[in-house]
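Encoded as structure tokens, the structure appears first; notes follow it.
We name chains A, B, ... by the order of the sequence lines, and we start the count at 1 in each one.
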Amino acid sequence: MTTDTVGTADTGAAAPKASSPVRNKRRRGAPKFLLALPAWTWFILFFALPVGLVLLYSLGEQVSAFVQKPDVSPDVWSLDNFDKAIEPEYMPVFWRTLKISIIGTFICLLISVPFAYWLATKVDPRWRGLLLGLVLVPFWTNFLVRTIGWQLILSPNGLVSDGLQKVGLRDDPLALLYTQTGVQIGVVYNYLPLMILPLYVAFDRTEPALREASKDLGASRVKTFFQVTMPLAMPGAIAGMLLVFIPLMGDYITPVLLGGAKGNMAGSLVAGQFLETFNWSQGAAMAVIMIAFILAALIVAALLGLLLRAGLRANRRITLPQATRS
Amino acid sequence: MTDTVSPGGETGSVELIDVVKMFGDFTAVDSINLQVQPGEFISLLGPSGCGKTTTLRMLAGFEEPTAGEMRISGQPIAGTPPHKRDVNTVFQAYALFPHMTVAENVAYGLRQRGTGKAEMGQKVAEALDMVKMRPLAERKPKQLSGGQQQRVALARALVNRPSLLLLDEPLGALDRKLREEMQIELKLLQSQLGITFIFVTHDQEEALSMSDRIAVMLDGRIEQLGDPYTIYEHPSSAFVAGFIGQQNFFNGKAAGGGRAVSAEGCTLISSRDTTGLSDGSEALAAVRPEAITVTDTDPGGQQNVIRGELAGISHLGDVIQFVVSAGEGREILSRVPRTSAPRLDTGQTVWCSWNADHTYLFTAEQAELVMADPASDKAEVLAGN
């Protein structure tokens, strides 16, 4: 059907007028939302439905330690699971997750912005593909394997510790493995490409002539970057921050492998409830809290962003004097 | 233009001394010398790849010359970054900042210098008034037409009152009528402000209509530098003759003591000064379409007369263009003011004739140069336009 329409459109100039009513009729006959049907199906089956189930389970009750599926009939609905999830035993983990995610996102941003800018504007186009490929190499490696690789680097007799001792910066072995710092390093490594790619695209799209115009008008390189280049690349930065922050909040492989007990994150908490304690309801409630944390963080970030933009705009704004008769 | 006095340190003067720019093995600008007077409107005119834009970019500071010296207002500018030069540029695609309003775009240069808000508002308003864009000050560039964006780009550059304004084919994207209007406005603005303009274009009409002087460029060199009248009336080379305005070209052999070219079936006599032509050598003669008269009777004589068949009549508004087919695939163009055009019909036998002082003679080496450049207007003439 689609091909039909395209065919008619292509030959439209040569085709006699008589064919146009048919074409119009066909167009009317195929509602446009059909094009979005696969996406909607996917969205409902793999997003709305599972999230709905998680919400439902979070209200339910664990039947016994041996039955995984909770009882979710309306008469047992309660918020008990949530009460338990915010107990002092668990709550610090959620806050730690938020902290690691926010710091991780910002470190990724700080590393990616100069790198992506350099790659998009300074590097000879012939080498860009290769460098982008190198950025992506970790992605071709199994997530688990490359995180285990970091265990070797971060352990007390690993690369970092040994190196620091050799150059004399430390006298005793440094334990980064199974600490929050270890997790922080691990997540930055794991999520960095997700920040670099959208930023690279954004910088690549900014016209070189705009940077030249800025310098031509008296702005130094640094001023040009902050007044022209970065504002125009903001969509890329926002996309990158979302791509890093959201999966990072739910990551559980990295904290399990590099964090141990001290670097525990909400993801491993939820996974533990589902996979070890077999308390699906409790796990679901924790997952809901995690989602709430993510949403709250995004809302706060969006508000701060809007505030920042309004401030910058107000600062840039100029009022012209009233027009005179001429 | 060696007769110019050394401009010293006057604000707005520009000097290029033996400037060379290489990109790898490619010589984009090949030892250019140019002296521009303060307040002068000078055009760099040439086909694409002739080095005109590179020259402009070197003045703006986006490229550093490989060799030679450049001075603006008497000061050497080598090593000075673009943002520290007293020069502003109007870019080819305008390069307006899309995230800023028209007023903010115009204010950009002033803000970099730390101009106070009140003064900034005043100056921006003046600049926008100058290009008649005040009512659209709050719009974003995306909401403007090409002509309006052009005006904003001009205001954004001029608001800084630079000693030198560089314009990189700023009218190229506009339609013909708008372009002609802008040409007049630009010229008026320039004479009001007294700022030196260096205008890069490949459009010879544009260069002729606005410039005080034109530098015709080819292959990184300046072919000829002169005022529009000189460039048009006394082209120093066949390339300049072909690039500026239109020409009918005739290949042949020099004769008559370097005063004539005998082409197939006719002899073209020139009363102009010609150099370097020895009898019998390959030569090229050129006659402008507007110098040729078409008649339905034989004007007599053997020289500067060609008999042919009238192949086409085009009405170009104020002029009528005749295409005369003179055999051997040779077509001769003639342009006659509408008011003095004879009544002729296609297919009839006509005679093309012109005065000896309208025949330009060039040597064969120069001829090759013209033939090698298909981008010039001349190629269209040979193809019958």
Side-chain angles (χ1 to χ4, degrees), chain A residues 117 120-122 124-127 199 201-239 305-326, chain B residues 57 59-63 81-129 133-135 137-138 141 153 156-157 159-160 162 165-166 168:
Chain A
Y117 177 75
T121 64
K122 309 275 185 225
D124 189 316
R126 279 176 297 176
W127 300 106
L199 270 172
V201 173
F203 284 128
D204 191 43
R205 277 190 189 171
T206 57
E207 269 181 72
L210 293 179
R211 291 192 291 277
E212 286 185 350
S214 169
K215 289 175 198 160
D216 187 73
L217 290 164
S220 62
R221 285 160 173 237
V222 177
K223 280 184 170 175
T224 296
F225 180 82
F226 284 106
Q227 293 180 7
V228 174
T229 313
M230 202 56 219
L232 292 175
M234 267 327 272
I238 291 168
L306 288 175
L307 212 64
L308 180 72
R309 193 173 69 166
L312 288 175
R313 282 197 179 163
N315 182 44
R316 209 163 59 202
R317 169 142 245 100
I318 35 161
T319 37
L320 303 184
Q322 288 298 307
T324 47
R325 289 164 311 279
S326 64
Chain B
R57 290 176 59 81
L59 282 167
F62 303 132
E63 309 282 357
H83 69 276
K84 291 193 176 144
R85 294 189 184 190
D86 187 15
V87 172
N88 286 116
T89 307
V90 177
F91 290 84
Q92 192 165 14
Y94 318 134
L96 297 177
F97 305 122
H99 57 303
M100 298 182 194
T101 63
V102 165
E104 288 163 7
N105 261 284
V106 176
Y108 192 86
L110 298 173
R111 189 154 11 94
Q112 306 313 319
R113 299 192 209 155
T115 313
K117 282 245 167 184
E119 191 192 347
M120 196 151 76
Q122 192 68 43
K123 284 190 168 174
V124 170
E126 273 172 32
L128 287 175
D129 278 336
M133 284 295 291
R134 180 88 172 266
E138 292 307 311
R156 184 178 71 173
V159 76
N160 308 297
L165 186 76
L166 307 172
D168 186 7

Task: A:M234 and B:H99: CA distance, side-chain angles, deciding distance, side-chain contact (heavy atoms from CB on, under 4.5 Å) verdict - done: CA-CA 11 Å; A:M234 267 327 272; B:H99 57 303; over 6 Å; no

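A:L210 touches chain B through backbone and side chain together, each having a heavy atom under 4.5 Å away. The part of B:L128 that comes within reach of chain A is its side chain, from C-beta onward, which places non-hydrogen atoms under 4.5 angstrom from that chain. Heavy atoms closer than 4.5 Å to chain A are found in both the backbone and the side chain of B:N88. Contacts between B:R156 and chain A at a heavy-atom distance below 4.5 Å involve backbone atoms as well as side-chain atoms. Only the backbone of A:T319 comes within contact range of chain B, with at least one heavy atom under 4.5 Å from a heavy atom of that chain. Interface remark: A:R211 contributes no atoms to any contact with chain B (heavy atom separation under 4.5 Å).
Nearest approach of B:A137 to A:L320, heavy atoms of both residues: CB-CD1, 3.6 Å. Of all non-hydrogen atoms in A:P321 and B:G121, the two that sit nearest each other are CD-O, 3.3 Å. Among all heavy-atom pairs drawn from A:I318 and B:A107, the shortest one is CD1-CB, 3.5 Å.
Distance check: B:T89 OG1 to A:K215 NZ gives 12.5 Å after rounding to the nearest 0.5 Å. A distance of 11.0 Å separates CG of A:D216 from OH of B:Y108, quoted to the nearest 0.5 Å. Here B:H83 contributes atom NE2 and A:L217 contributes atom CG; the two are 12.5 Å apart, rounded to the nearest 0.5 Å. The distance from atom CG of A:N315 to atom NZ of B:K117, rounded to the nearest 0.5 Å, is 5.5 Å.
With chain A as partner, the option from B:K123, B:M100, B:Q92 having the largest number of non-hydrogen pairs under 4.5 angstrom is B:M100. Note on A:E207, A:R313, A:R317, A:R221: by heavy-atom pairs under 4.5 Å with chain B, the leading option is A:R317. Of all the listed residues (A:P231, A:A213, A:A209), the one sharing the greatest number of non-hydrogen pairs under 4.5 Å with chain B is A:A213.
You'll find the side chain of A:Q227 reaches within 4.5 Å of the side chain of B:R111, heavy atoms only.
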